[in-house]
*Asks:* 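One structure, pasted below without further comment.
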Protein chains: 2
Amino acid sequence: MENITSGVSEIIVIRLTTYLRCLYIAKRKRKNIIKSVEIAKLCGIKSSVVRKDFTQFGAFGIKGKGYEIENLIKKVREILGLNTMKNVALIGVGNLGTALLKYQGFFDANFKFVGAFDLNYQKIGKRVNGIKIYDIKNLKKFIDKNSVEIIILSVPSAAVRSIFKNIDLKKVKGILNFTSAILPCEGKKIYIRNIDLSRELELISFCMKKCLKKEA
Amino acid sequence: MENITSGVSEIIVIRLTTYLRCLYIAKRKRKNIIKSVEIAKLCGIKSSVVRKDFTQFGAFGIKGKGYEIENLIKKVREILGLNTMKNVALIGVGNLGTALLKYQGFFDANFKFVGAFDLNYQKIGKRVNGIKIYDIKNLKKFIDKNSVEIIILSVPSAAVRSIFKNIDLKKVKGILNFTSAILPCEGKKIYIRNIDLSRELELISFCMKKCLKKEA
DNA sequence: AGTTGTGAATCTGTTCACAGCC
DNA sequence: GGCTGTGAACAGATTCACAACT
């Protein structure tokens, strides 16, 4: 389990997260075994891709039968690192930020909000879904004290630059960036995942016109 | 301009949307010309990729100088289809839905909300950011009458199945899906873009551990 | 009989290096 | 001189076909 994950490309991990959705669906239907063909159909890809992806991490299947769902879920969650708790801080408690604080999925993925931050004095001190909102001035100290590993950025893009002065980038390992800003983390060992609505809209605008080769 | 876009892979279009962000930034700095190396650095990729991507749609650059920013923005917006208005309906006016209705980016991309839908009677009839909330029962008729091309789904995943009975899939060309559900549009000529928070979290969980080969 | 796991072949995307042009 | 545009080489991902196994 040491370097089993090294050399795995992001594209495979993205698919793993999709497979996990399928497995949850299958489990809810009280199935015990699922075939690579079934997973593939649900995801809209070829079954050989599904099989090859899993073999990157070991041989989880039973030849002639398929994959034991409960076991496969366990394995995939292990691979994705979903069994260890991760401390998260949210920055920017607007509409989107509020929606995120209330989102159940964070709990399922073992993400724990330890605090939210904003610069609006009306909001500071209040709680959303039990999570306290702090003054953004205290962010740096907070990250240090509470071993925050992940930051979620849901502020206006224009605010990003000044916020980054307050982040101790040594402790933070991942950023989920909902702004359109390109984050100044070059060269740092931080994994950034950009979720840019504007870009998604532009993409859908183009792709509506033409049916493209691939699906994400 | 007819079949110039056919045969272009999604990955290139995704990068185009990133380039557009860079071009806006450069424009704000009152620059007139930008080099492929500069765009590449901002996006964290090789300059040859940038150049090759643009040549898929024509030769926009000036040899020995670079790309004229204003012109390139115009071209890229044209390619992405951002100059034509698209009618959008939002389904599910929760926290996320509300955030989306207020989001400025839709305006920039020429997306026009013509209506929002919910099943909560407390919400029906009210307005968010000027957009009226209708009873979800009237969705099908509404799509027909108002030539809705794009649907944005921000409902609980469990609600997806029943909603899909109310969508006239012949008219709809694109769906922006914020649920974890795998949408039942197989075989239809609809472009679906999934923005699944749960999956993003799982991905960040894995990638934090290991620095992967690629960035999205 | 039926499905996984996998090497080999194919396809797609990236990098390199430089000719062509301003 | 300097940057774009591009063919050729390379790397990576997907598909195919089937051997291995239950």
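Note: hydrogens, waters and symmetry copies are ignored here, and every other heavy atom, side chains too, is used. Letters A, B, ... mirror the listed sequences (proteins, then strands); counts begin at 1.
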*Asks:* Report the distance from atom CD1 of A:I39 to atom C1' of C:dT4, rounded to the nearest whole Å.
*Replies:* 12 Å

*Asks:* Hey, can you tell me if B:F106 and B:F113 have their rings parallel, tilted or perpendicular (30° and 60° cut-offs)?
*Replies:* tilted

*Asks:* On the nucleotide C:dG5, are OP1 or OP2 found under 4.0 Å from the side-chain N or O atoms that A:Y67 carries?
*Replies:* yes

*Asks:* Heavy atoms only, 4.0 Å cut-off, all strands: where does B:T55 land among base, sugar-phosphate and nothing?
*Replies:* sugar-phosphate

*Asks:* Check this for me: B:K173, atom NZ, are more than 12 non-hydrogen atoms of other residues, nucleotides or ligands nearer than 6.0 Å?
*Replies:* no

*Asks:* Take the protein atom NZ of B:K35 and the nucleotide atom P of D:dG1, then report the distance between them rounded to whole Å.
*Replies:* 16 Å

*Asks:* By nearest nucleotide on DNA chain D, pick out whichever of A:K63 and A:I45 is the more 5' one.
*Replies:* A:I45

*Asks:* Need one value for A:F54: base, sugar-phosphate or nothing, where a base atom within 4.0 Å counts as base even if backbone is also close, heavy atoms only.
*Replies:* nothing

*Asks:* Would you say a side-chain N or O of A:S36 is under 4.0 Å from OP1 or OP2 of C:dT3?
*Replies:* no

*Asks:* Please say which of B:Y19, B:F54, B:F60 ends up in a ring pair (Phe, Tyr, Trp, His ring centres under 6.0 Å) with B:Y67.
*Replies:* B:F54

*Asks:* In whole Å, what is the span from the CZ atom of B:R15 to the P atom of C:dT12?
*Replies:* 15 Å

*Asks:* Does B:E68 come within less than 4.0 Å of B:K75, counting only side-chain N to carboxylate O?
*Replies:* no

*Asks:* Tell me which of B:V49 and A:G64 sits closer to the 5' end of DNA chain C, going by the nucleotide each one is nearest to.
*Replies:* A:G64

*Asks:* Atom NZ of residue position B:K145 - does it have more than 12 heavy atoms of other residues, nucleotides or ligands inside 6.0 Å?
*Replies:* no

*Asks:* Nearest-Å distance, CD1 (A:I62) to C1' (C:dA1)?
*Replies:* 16 Å

*Asks:* Between B:K46 (NZ) and C:dG13 (P), how many Å, whole number?
*Replies:* 18 Å

*Asks:* Can you find an N or O donor on one side and an acceptor on the other, under 3.5 Å apart, linking the side chain of A:K52 with the base of D:dT15?
*Replies:* yes

*Asks:* C:dC16, OP1 or OP2 - any side-chain N/O from B:S48 closer than 4.0 Å?
*Replies:* no

*Asks:* Rounding to a whole Å, what distance do you find between A:E10:CD and C:dG13:P?
*Replies:* 16 Å

*Asks:* Provide, to the nearest angstrom, the distance between the CD1 atom belonging to A:I33 and the P atom belonging to C:dA1.
*Replies:* 21 Å

*Asks:* Between C1' on C:dC11 and CD1 on B:I11, what's the gap in Å once rounded to a whole number?
*Replies:* 14 Å

